[in-house]
Amino acid sequence: MLVIDDSASVRQTMTAILQEDPEIEVIGAASDPFTAAKRLQEEVPDVITLDVEMPRMDGITFLRKLMAQCPLPVVMCSSLTEEGSETLLQAMEAGAVDVILKPRVGVADHLAEHNLQIRDVVKAAAKARVRGRPAYREPRSQLPEKKLTADAVLPPPNGRAMSRTTEMVVCLGASTGGTEALREVLEALPANSPGVVVVQHMPENFTRAFASRLNTLCEVDVKEAADGDPVLRGHVLIAPGGKHTMLERQGARYHVSVRDGPLVSRHRPSVDVLFRSAARAAGSNAVGIIMTGMGDDGARGLLEMKQAGARTFAQDEATSIVFGMPKEAIARGAADRVVPLGMIARELLQATSR
């Protein structure tokens, strides 16, 4: 892989972090896009980490040129700010597969503290399907080892979910490649759609900008979830980065609980946590959908939803940027149906019609 950043300390720290993983080889580092372009003429890496703010040419411009001439999996790096989040959303639309956020100060220390997450993001990106690039098939033996499950946040379903009613709720989970996949699904929903709760693996701040952007594109109302928000028809709640989001019930109505907690399946928010909460609170009144992403977050939870009576779906391999999370759910028998991205909205609406 190739690291592109104008900061020498960031290049050094990123290189050191990545080289600690025996599955990652760093072929070099570049201080700006022009230096990187020369390096790419010598050797093409499997993945690139790309800073946004650089001299001579910004990262977004370089990304667009790269995707037009030599499509590669790119992970964008930017400051942890609202402005940076808006820029990173543009990067995702331009073809970046994931993001790494960094603070304005203490960047090297921040990156070192998040070394495991950074390595996971880079390995996921290397396996991404980018504009015709063949999808990487990951052997089961290389899947991540033991991680915390949803047990660390809430107990398993107790079989006492609410009986079937007229009001339905939809829970969606996604990771790598999910920002654009979710946009396609949510843009296809009419204004009177059942309430939707989404977990997309994202850092804090980024989710607020992501929700705001979706809100300008969709007929449904989209917002970042806040603790106690009701789940209403025609509304979509995006789990905030850095917090777990759970579905809860009061009488016949649903709301979300947003709270701190340990990483589950190496993520916070975790799809497993949302799906388990839906199994407990909604049972057969829920629909669960797992979409593109690396790893197995959401696979257990989707199975719990199915066992509680929910309708469950998984995105197919052909339309997934990374066929990790859906693949694991399918292997566990958690998905009632496997469908392409372009059909998910239709299946969702059919499953929630009464």
Side-chain angles (χ1 to χ4, degrees), residues 46-47 67 71-76 89 91-99 120-140 142-144 170-189 196 198-202 210 214 238-239 265-267 269-272 274-275 287-303 305-306 311-348 351:
D46 293 319
V47 62
M67 298 307 288
L72 290 173
V74 174
V75 176
M76 299 300 296
L89 286 175
M92 303 297 275
E93 292 178 353
V97 297
D98 216 328
V99 300
D120 282 348
V121 166
V122 166
K123 288 192 286 186
K127 297 168 177 57
R129 186 194 308 269
V130 178
R131 295 190 182 180
R133 182 176 182 264
Y136 175 90
R137 292 182 177 272
E138 183 175 29
R140 289 188 64 86
Q142 292 183 10
L143 290 173
V170 178
C171 293
L172 277 161
S175 187
T176 309
T179 54
E180 286 301 289
L182 284 167
R183 179 190 57 77
E184 182 170 335
V185 172
L186 298 181
E187 277 188 321
L189 295 181
V196 179
V198 174
V199 164
Q200 162 70 45
H201 294 157
M202 288 182 177
F210 179 55
L214 287 174
I238 307 291
S265 297
R266 295 184 180 170
H267 296 285
S270 162
V271 183
D272 267 329
L274 173 64
F275 283 178
V287 172
I289 304 171
I290 193 164
M291 298 171 61
T292 176
M294 182 181 178
D296 62 358
D297 187 29
R300 296 178 184 86
L302 194 70
L303 180 59
M305 288 187 70
K306 180 178 180 179
R311 292 291 306 278
T312 56
F313 301 91
Q315 185 177 349
D316 71 354
E317 181 175 9
T319 61
S320 294
I321 296 296
V322 177
F323 190 57
M325 287 162 48
K327 178 182 177 182
E328 283 299 301
I330 294 165
R332 292 171 186 267
D336 290 324
R337 294 193 60 190
V338 179
V339 296
L341 176 61
M343 291 181 59
I344 288 178
R346 187 176 74 177
E347 294 288 343
L348 178 165

Quiz item: Sub-3.5 Å donor-acceptor pair from the side chain of Arg129 to the main-chain atoms of Phe323, do we have one?
Solution: no

Quiz item: Nearest heavy-atom pair of Ala329 and Leu302: which atoms, and what distance?
Solution: CB-CD2, 3.9 Å

Quiz prompt | Test side-chain contact (heavy atoms from CB on, under 4.5 Å) applied to Lys123 - qualifying residues, sequence neighbours left out | solution = Asp21, Glu23, Ile24, Asp120, Lys127, Met294

Practice problem: Indicate the atoms forming the closest heavy-atom contact of Met291 with Ile289, along with that distance. | Solution: CG-CG2, 4.0 Å

Quiz item: Who pairs with Glu180 by salt bridge (charged side-chain N to carboxylate O under 4.0 Å, His left out), at least two apart in sequence or on another chain?
Solution: Arg183

Self-check item: Contact summary for Glu328 and Gly295, nearest pair of heavy atoms
Solution: CG-O, 3.8 Å

Self-check item: Nearest heavy-atom neighbours spanning Val322 and Ala124
Solution: CG2-O, 3.8 Å

Quiz prompt | Qualifying residues under salt bridge (charged side-chain N to carboxylate O under 4.0 Å, His left out), relative to Asp316, sequence neighbours excluded | solution = none

Quiz prompt | Nearest-0.5 Å distance that lies between atom NE2 in His267 and atom CE in Met202 | solution = 13.0 Å

Exercise. Show the numbers, then the answer: is there a side chain to side chain contact (heavy atoms under 4.5 Å, CB included) between Val271 and His201?
Key: CA-CA 8 Å; Val271 183; His201 294 157; 3.9 Å; yes

Exercise. Of all the heavy-atom pairs spanning Asp272 and Asp297, show the shortest one and how long it is.
Key: N-OD1, 3.0 Å

Exercise. State which residues pass side chain to side chain donor-acceptor pair (under 3.5 Å) with Asp98; sequence neighbours excluded, sorted by chain then number.
Key: none

Quiz item: Are side-chain heavy atoms of Ser265 and Arg300 found at a separation under 4.5 Å?
Solution: yes

Quiz prompt | Pairwise distance CE(Met76) to CG(Leu89) - rounded to 0.5 angstrom | solution = 11.5 Å

Quiz prompt | Over all atoms of both residues, closest heavy-atom pair of Ser175 and Met325 | solution = CB-SD, 3.5 Å

Quiz item: Are the side chains of Leu172 and Leu186 in touch, meaning some heavy atoms are under 4.5 Å apart?
Solution: yes

Self-check item: Non-hydrogen side-chain atoms of Ile344 and Phe313 separated by less than 4.5 Å
Solution: no

Quiz item: Any salt bridge between Lys306 and Asp336, counting N to O under 4.0 Å?
Solution: yes

Quiz item: By side-chain contact (heavy atoms from CB on, under 4.5 Å), which residues pair with Ala314, not counting sequence neighbours?
Solution: Ile290, Pro326, Ile330, Ala335

Quiz prompt | By salt bridge (charged side-chain N to carboxylate O under 4.0 Å, His left out) - contacts of Arg337 (at least two apart) | solution = Glu347

Practice problem: May I ask you to test the Phe275-Thr312 pair for a side-chain heavy-atom distance under 4.5 Å? | Solution: no

